[in-house]
Amino acid sequence: MFLRQIKSYITVVECHSFTEAAKICNVSQSAISQQIQGLEDELGVSLIVRSNRGFSLTPAGKFFYDGGLKLLNVVGRYMDATRAVATKEVDITLAVLEDFAGRDLDKTVSEFMSLYHNCSIDVKPLSIHALEADFEERQSDVYLSFGGRTVPEGYAEEEIGKLTCVAEINSSDPLAGLVSVSPSDLSGYACVLVAGSDDASAPRGFYAGFLGEGAKITVVKDEDEAAEKISGGGAFRPVPFGPYSPLAWSEGVKYVDMRDSRGNLLTIPLTVYYRVGENGDYIAEFLSLMKRRTEKNK
């Protein structure tokens, strides 16, 4: 309302006529007069001195006219910039592990794109090797993965939830008959990790901390090699699952809850690494939707 009154006032001054200003503003003359009167009441000062021959501006009226022109110019530029943001075509690339490319992620992407029609999200389901290479070269805007990575320059990280870890064990192994396994149960078993890099420092440290002193960590290059290790016995593979990471059941294996020495379920952070700067507001909105879905699925 206040901006409309300012526009009406400036039009009256520039036309030197309430009648002409009313025509330009497409309102009645009485409506224009009421807007100017309302503006004066709002300010608590007189802007116009009316007479039989027309009107003149008070010193306050002249000052307000000059300031009003500047204000409307700034507001006009701000409105144009706002429209440009809303109509700008935004493309966001999201790299995820193949295990994460499921229904929850599809729903979140669809919800986001229904809210922001000018945005598109290109989801790239990658093997862990491809994800590591993509992450190292910073090819994508957003990465959905496990926590514990070194954050590259130009990116930030945010935990959006927790994944529960289960042990994938050969179905003929004695441990497969248990409801859950603890570090002491897994003593002497090799913990098999699939990693895109040789050292697999983040997952190695996480699971070594869970298993404790004497933990045997075996890093393999792919899923087939991991399956071979597990089928041979004496080995297990920790598998995180939960929101955005459904558990894919395999034949010949059992999945058993992993609990620490105090009986708590083992969880690992579900983390997003995202590029800061350009498109940051849209990425922040997408992360907010992801977190809400994570909370909903608890």
Side-chain angles (χ1 to χ4, degrees), residues 1-94 108-122 140-142 153-156 158 160 272 274-293 295:
M1 180 62 179
F2 191 61
L3 283 177
R4 186 183 305 168
Q5 290 173 315
I6 294 174
K7 288 179 181 178
S8 296
Y9 174 73
I10 288 174
T11 305
V12 167
V13 174
E14 292 180 342
C15 291
H16 304 288
S17 167
F18 279 84
T19 303
E20 292 301 318
K23 291 179 181 178
I24 292 174
C25 296
N26 198 29
V27 297
S28 67
Q29 183 174 335
S30 62
I32 280 283
S33 297
Q34 289 173 6
Q35 288 183 24
I36 302 305
Q37 185 63 56
L39 186 59
E40 290 179 317
D41 292 343
E42 179 82 17
L43 294 170
V45 299
S46 295
L47 301 175
I48 291 176
V49 178
R50 297 161 180 81
S51 67
N52 293 332
R53 293 181 297 175
F55 66 84
S56 61
L57 300 183
T58 65
K62 293 177 182 178
F63 177 83
F64 192 79
Y65 171 76
D66 293 335
L69 283 176
K70 294 176 182 178
L71 176 63
L72 291 182
N73 185 40
V74 170
V75 171
R77 291 201 306 269
Y78 186 76
M79 292 175 68
D80 290 340
T82 300
R83 295 187 187 100
V85 169
T87 56
K88 174 188 174 184
E89 293 295 326
V90 175
D91 297 315
I92 298 172
T93 54
L94 169 62
T108 305
V109 171
S110 296
E111 182 180 359
F112 175 80
M113 292 178 64
S114 69
L115 293 172
Y116 302 97
H117 301 288
N118 60 312
C119 294
S120 64
I121 295 184
D122 176 24
S140 300
D141 300 305
V142 184
E153 184 178 352
Y155 284 75
E158 185 168 343
I160 64 169
V272 171
Y274 59 95
R275 196 189 308 273
V276 297
E278 188 178 5
N279 301 329
D281 290 339
Y282 290 107
I283 291 175
E285 282 298 311
F286 181 66
L287 297 189
S288 179
L289 290 177
M290 292 190 75
K291 285 191 285 187
R292 284 205 291 271
R293 186 166 293 278
E295 290 293 323

Do [X] and [Y] make a side-chain contact, defined as non-hydrogen atoms from C-beta onward lying under 4.5 Å apart?
{"X": "Leu57", "Y": "Val13", "answer": "yes"}
{"X": "Phe64", "Y": "Val45", "answer": "no"}
{"X": "Thr58", "Y": "Ile48", "answer": "no"}

So how far is it from [X] [atom1] to [Y] [atom2], rounded to the nearest 0.5 Å?
{"X": "Ile10", "Y": "Gln5", "atom1": "CD1", "atom2": "CD", "value": "12.0 Å"}
{"X": "Glu278", "Y": "Ile92", "atom1": "CD", "atom2": "CD1", "value": "10.0 Å"}
{"X": "Ile36", "Y": "Asp41", "atom1": "CD1", "atom2": "CG", "value": "11.5 Å"}
{"X": "Ser288", "Y": "Arg293", "atom1": "OG", "atom2": "CZ", "value": "12.0 Å"}
{"X": "Gln35", "Y": "Glu42", "atom1": "CD", "atom2": "CD", "value": "13.0 Å"}
{"X": "Met113", "Y": "Cys119", "atom1": "CE", "atom2": "SG", "value": "8.5 Å"}

Sub-3.5 Å donor-acceptor pair from the side chain of [X] to the main-chain atoms of [Y], do we have one?
{"X": "Arg275", "Y": "Gly154", "result": "no"}
{"X": "Ser140", "Y": "Leu94", "result": "no"}
{"X": "Glu158", "Y": "Val272", "result": "no"}

Residue list, salt bridge (charged side-chain N to carboxylate O under 4.0 Å, His left out) with Lys7, at least two apart or on another chain: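 None.
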
Donor-acceptor contacts, no H, no angles, side chain residues 70-79, under 3.5 Å, sequence neighbours left out:
none

Pairwise side-chain hydrogen bond (donor to acceptor under 3.5 Å, both in side chains) hits with a residue in residues 11-24, at least two apart: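 Found Glu14-Tyr65, Thr19-Gln29.
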
Minimum heavy-atom separation for [X] to [Y], with atom names?
{"X": "Val276", "Y": "Ala156", "answer": "CG1-CB, 3.8 Å"}
{"X": "Cys15", "Y": "Ile24", "answer": "SG-CD1, 3.3 Å"}
{"X": "Lys62", "Y": "Tyr9", "answer": "N-OH, 4.4 Å"}
{"X": "Gly68", "Y": "Ile6", "answer": "CA-CG2, 4.1 Å"}
{"X": "Glu111", "Y": "Ser114", "answer": "O-OG, 2.6 Å"}

Scan side-chain atoms only and decide if Ser8 and Arg4 contain a donor-acceptor pair under the 3.5 Å cut-off.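 On atom types as modelled, these side chains do not qualify, holding no pair under 3.5 Å.
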
Heavy-atom count check: over 12 atoms from other residues, nucleotides or ligands less than 6.0 Å from Asp281 CG?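 At most 12 heavy atoms, drawn from other residues, nucleotides or ligands, come within 6.0 Å of this atom.
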
So which of Tyr274, Phe112, Tyr116 actually passes ring-ring contact (aromatic ring centres under 6.0 Å, His included) with Phe286?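 In the set Tyr274, Phe112, Tyr116, the residue that makes a ring-ring contact (aromatic ring centres under 6.0 Å, His included) with Phe286 is Phe112.
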
